[in-house]
Amino acid sequence: MAYVISDECIACGACEGECPVSAISQGDDKYVIDADACLDCGACASVCPVEAPKQA
């Protein structure tokens, strides 16, 4: 089950560099995760200051 980034995202970018498969990119107002590429590893969730990445 892939992670998704909730509306709590403050677009700080902390998660993008932590993703081992580069599944995270900047969207219009928050970062987004490519569900097809996400490994469900949780690396993004562990560095997010507002706990925006959630398991879908």
Side-chain angles (χ1 to χ4, degrees):
M1 183 178 297
Y3 275 75
V4 295
I5 297 180
S6 70
D7 289 338
E8 295 159 351
C9 178
I10 58 172
C12 69
C15 59
E16 185 177 23
E18 292 297 314
C19 182
V21 294
S22 301
I24 303 173
S25 60
Q26 188 170 10
D28 290 334
D29 57 345
K30 65 179 183 175
Y31 278 75
V32 293
I33 298 176
D34 178 352
D36 292 332
C38 179
L39 298 176
D40 192 32
C41 69
C44 57
S46 69
V47 298
C48 181
V50 295
E51 299 178 4
K54 311 278 187 201
Q55 285 186 311

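Please read these numbers as outputs of a predicted model, since none were measured by experiment.
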Requested in this report: Check C9, S6, C48 against P53 for a side chain to side chain contact (heavy atoms under 4.5 Å, CB included) and give me the one that passes.
Outcome: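 That would be C48.
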In residues 15-34, what donor-acceptor pairs under 3.5 Å come from side-chain atoms, sequence neighbours left out?
residue, atom, partner, partner atom, Å
K30, NZ, I5, O, 2.9
K30, NZ, D7, OD1, 3.1
D34, OD1, D36, N, 3.0

Query raised in the report: Cluster partners of I10, using ILVMFWY side-chain heavy atoms under 4.5 angstrom, listed by chain and number?
Result: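 Once heavy-atom contacts under 4.5 Å are chained together, I10 belongs with V50.
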Query raised in the report: Atom CD of Q55 and atom SG of C38: how far apart are they, to the nearest 0.5 Å?
Result: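 The CD atom of Q55 sits 8.5 Å away from the SG atom of C38.
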Query raised in the report: What do you reckon, is CD of E51 surrounded by more than 12 foreign heavy atoms closer than 6.0 Å?
Result: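 Atom CD in E51 is not crowded, with 12 or fewer foreign heavy atoms closer than 6.0 Å.
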